[in-house]
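Below, read A as the first sequence line, B as the second, and so on, with proteins coming before strands; counting in each chain starts at 1. Every heavy atom of this structure was used, including side-chain atoms; hydrogens, water molecules and symmetry mates were not.
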Amino acid sequence: MSCFTQVSITPSIHIPPNSNYNNPKSHHRKQTITLLQKCKNVNQITPIHSNVIKNGQQHDQFIIFEFLRVCSKCDAIDYTLKIFQQTQYPNVFLYTALIDGLVFSGLYSHGIRIYVEMIENFIFPDNFVISSVLKACVIGLDLRMGREVHTQAIKLGFCSNRSVRLKLMELYGKNREFEDMKRVFDEMPERDDVALTVMISSYLDHELLSRASNIFDMVKVKDTVCWTVMIDGLVRNGKMNKALEYFRQMQREAVRANEVTVVCVLSACSQLGALELGKWIHSYIENYDLKINHFVGSALINMYSRCGSIDEAERVFKTMKDREVSTYNSMIMGFALNGKSLNAVELFQRMIEEGTKPTNITFVGVLTACSHGGLVDFGFEIFQSMQIDHCIEPQIEHYGCIVDLLGRVGRVKEAYKFIQNMKVMPDYIIWGSFLNACKIHKKFELGDHAAKILLNHGYTDTGTYVLVSNFYSSFGKYEEALLVRSKLKESDLEKEPGCSSIEVNNEIHEFFLGDIRHPQKKEIYKKLVEMEKRLRFEGYYPQLDVVSQDIMDHEKERALAIHSERLAICYGLISTEPLSTIRIVKNLRVCSDCHTMIKLVSKITNRKIIMRDRNRFHHFENGSCSCADYW
DNA sequence: CGACACAGAC
């Protein structure tokens, strides 16, 4: 729209003389343009194109402009390029439309080339094309070219234009050139809240949280985008609770959330396992008529799946009309994570039948489902079909699933051979998965071999040290286990402290090992002691070999007794309605002793306990767990 | 005008 006004006010010298917007042909032109603007896909565009050629309108730059825009919008960038190439004297507006289209399709460096070509063809730039090429530089992180455009823009006098300035700020901000960004900002004639938002976003991109929040406080009128930038930035920097705090403040200040905002907040909810707040967002979406587009839909499905409410996730999935690959991906992964392997596989097959093209992520999901569900043959079939029928090269993640698949059912030797024949180098996760299989299926030699590879190559994390140590102590080799522990201490790796959280009354309560910070700590520990007593009565006795430190047994017992998940569960028991489901999120893997204990707790308290650990869900009910004790 | 989700194995 705005381009049009511009076009009719200042026609470019390259527009043929008969193309004035208000000439007698303009009725025809308007009709064609209206038709084009209604197009939703490329199949609707082609007949219009042939009509245009038949009517001799193919050189009408207004029409070509609309063609370029609509083709790009319909994801038909090849067609955009073809039409542009057939244009005899493209003017600056057509160049702009093409560059925008290329950027939209992710072909930003091509967009930059087109701009250079335009300059070489002596076409004089304007504010619009400068903004567009700067956008290409921003997305492509092409600082050098961006600076060149900046210099050129100064010479030609385009730098007083607001959108050029905003793009320049973005260019420098994304490239960490904060001094240059501020310089552009300081040259702006009046305080500009959008420019401040650009700065906030840039600081958050580079993990400068306090700088970002200082600028945020300076913004006079914080609109939806400004709040969203802040919330999203906090989420991306791992500050979920902080993000939710900002979201609550946003509500108090009565600023409406839009689709983007809720996607960010839902992401925070799913990472925290904050089901109650997630549900609240869902009803917010419905109450305020936000569109459940594929971003929002995926975010909802993901939130419910990662909060263990797989039925709710499925309900959302079913109500969505237009599903994209990402929608299926979220749902398939959700089923896989929640131990619903068959549903995952079924959905995968249905999506293929419906003609949706799977991506590599789809296969990660469905292969995970196969490995968690012990569907060995089917998993292999999919792995083959991925390469043959869908032409997707397996990545390390896919190989990882297969190693897990074989290891899980005890085909450890085959897993070993498979690792040796992979087209990629095995990483510590592959060897870790293999080692876990060796531990569970009591294959010492192969496991010992894997453990040595893990320790010698140094490509590892703290979890791997713990795993190797546990492997040795499960064979009674306590000296080796201790040695590994001491190696971990020597290494510079910082051990991530185990943390379990539970949401009660819309608030997330976090517990660390032996935590005594909670205001209700007395009641929590009282409950813990009570549980211990009742569990002993049920025949529970702590598995001491999981704690392979060199300490006395009773101390080991105490160390186990205060694992963070136990505290979180006890808090859940005292602060929620009897018989209601308890949901716990843990940042690390649950240890096997806690796993045993939680099974019993679910039985004696008659509660469902849903626990998300680092990798997957455990649904505990009446003394057993959905993972069938393999995780 | 500035902001966007889904990603495995230990």
Please name all residues satisfying side chain to side chain donor-acceptor pair (under 3.5 Å) with Arg191(A), sequence neighbours left out, ordered by chain then number.
-> none
Minimum-distance nucleotide to Val263(A) side chain [options: dG2(B), dC10(B), dA5(B)] = dA5(B)
When you measure from every atom of DNA chain B, which of residues 312-336 of chain A have a heavy atom less than 4.0 Å away?
-> Ser326(A), Asn329(A), Ser330(A), Met333(A)
Stepwise side-chain hydrogen bond (donor to acceptor under 3.5 Å, both in side chains) check, Asp613(A) with His618(A) = CA-CA 8 Å; Asp613(A) 76 6; His618(A) 300 270; 3.2 Å; yes
Calculate the interatomic distance between Gln271(A) atom CD and dC6(B) atom C1'; express it in whole Å.
-> 12 Å
By a strict heavy-atom criterion of less than 4.0 Å, which residues belonging to residues 218-229 of chain A are in contact with DNA chain B?
-> Asp223(A), Val225(A), Thr228(A), Val229(A)
What residues form a salt bridge (charged side-chain N to carboxylate O under 4.0 Å, His left out) with Arg211(A), not counting sequence neighbours?
-> none
For dG2(B), does OP1 or OP2 lie under 4.0 Å from any side-chain N or O of Arg162(A)?
-> no
Quick one: label Asn258(A) by what it contacts on the DNA or RNA (base, sugar-phosphate, nothing), any heavy atom closer than 4.0 Å.
-> base
Between dC1(B), dA5(B), dC10(B), which nucleotide has the shortest distance from any of its atoms to the side chain of Phe295(A)?
-> dA5(B)
Under 4.0 angstrom, heavy atoms only, what part of the nucleic acid is Gly432(A) near: base, sugar-phosphate, or nothing?
-> sugar-phosphate
Would you mind reading off the distance between Arg165(A) atom CZ and dC1(B) atom C1', rounded to a whole angstrom?
-> 14 Å
Given atom CZ of Arg616(A) and atom P of dA7(B), what is their separation to the nearest angstrom?
-> 16 Å
Which of the following nucleotides, dG2(B), dC10(B), dC6(B), is nearest to the side chain of Arg614(A)?
-> dC10(B)
Looking at the side chain of Ser201(A), which of dG2(B), dA3(B), dA5(B) is the nearest nucleotide?
-> dA3(B)
What pairs of residues pass the salt bridge (charged side-chain N to carboxylate O under 4.0 Å, His left out) test when at least one of them lies in residues 410-423 of chain A, not counting sequence neighbours?
-> Arg411(A)-Glu414(A)
Is the backbone of Asn293(A) close enough, under 3.5 Å, to the side chain of Glu259(A) for a donor and an acceptor to pair up by distance?
-> no
Salt bridge (charged side-chain N to carboxylate O under 4.0 Å, His left out) filter on Glu207(A), not counting sequence neighbours, yields none
Could you tell me the separation between the CG atom of Asn338(A) and the C1' atom of dC6(B), rounded to a whole number of Å?
-> 15 Å
Thr228(A) (side chain) donor-acceptor with Thr224(A) (main chain) under 3.5 angstrom = yes
All side chain to side chain donor-acceptor pair (under 3.5 Å) counterparts of Tyr246(A), not counting sequence neighbours | none
Going by the salt bridge (charged side-chain N to carboxylate O under 4.0 Å, His left out) test, which pairs reach into residues 129-141 of chain A, not counting sequence neighbours?
-> none
Side chain to side chain donor-acceptor pair (under 3.5 Å) involving Asn343(A) - partner list, sequence neighbours excluded = none
How about Trp227(A) and Phe216(A): are their ring centres within less than 6.0 Å of each other?
-> yes
Nearest-Å distance for atom pair CG/P, residues Leu171(A) and dC1(B) = 20 Å
Minimum-distance nucleotide (side-chain atoms of Glu170(A) versus dA3(B), dC10(B), dC1(B)) = dA3(B)
Starting from P on dG2(B), measure out to CG on Asp192(A) and report it in whole angstrom.
-> 11 Å
Determine whether the aromatic ring centres of Phe363(A) and Phe383(A) lie less than 6.0 Å apart.
-> no
For the pair made of CG in Asp205(A) and C1' in dA3(B), what is the distance, rounded to whole Å?
-> 10 Å
Contacting residues from residues 301-311 of chain A, given that a heavy atom lies under 4.0 angstrom of DNA chain B | Asn302(A), Arg306(A)
Side-chain (Ser371(A)) to main-chain (Leu405(A)) donor-acceptor, under 3.5 angstrom = no
Those residues of residues 358-373 of chain A lying under 4.0 Å from DNA chain B by at least one heavy atom | Ile361(A), Val364(A), Thr368(A), His372(A)
Could you pull out all residues at least two apart from Thr327(A) that satisfy side chain to side chain donor-acceptor pair (under 3.5 Å)?
-> none
Can you tell me how far P of dA3(B) sits from CG of Leu196(A), to the nearest Å?
-> 14 Å
List the steps, then state whether ring-ring contact (aromatic ring centres under 6.0 Å, His included) holds for Phe444(A) with Phe471(A).
-> CA-CA 9 Å; Phe444(A) 182 76; Phe471(A) 168 78; 5.7 Å; yes
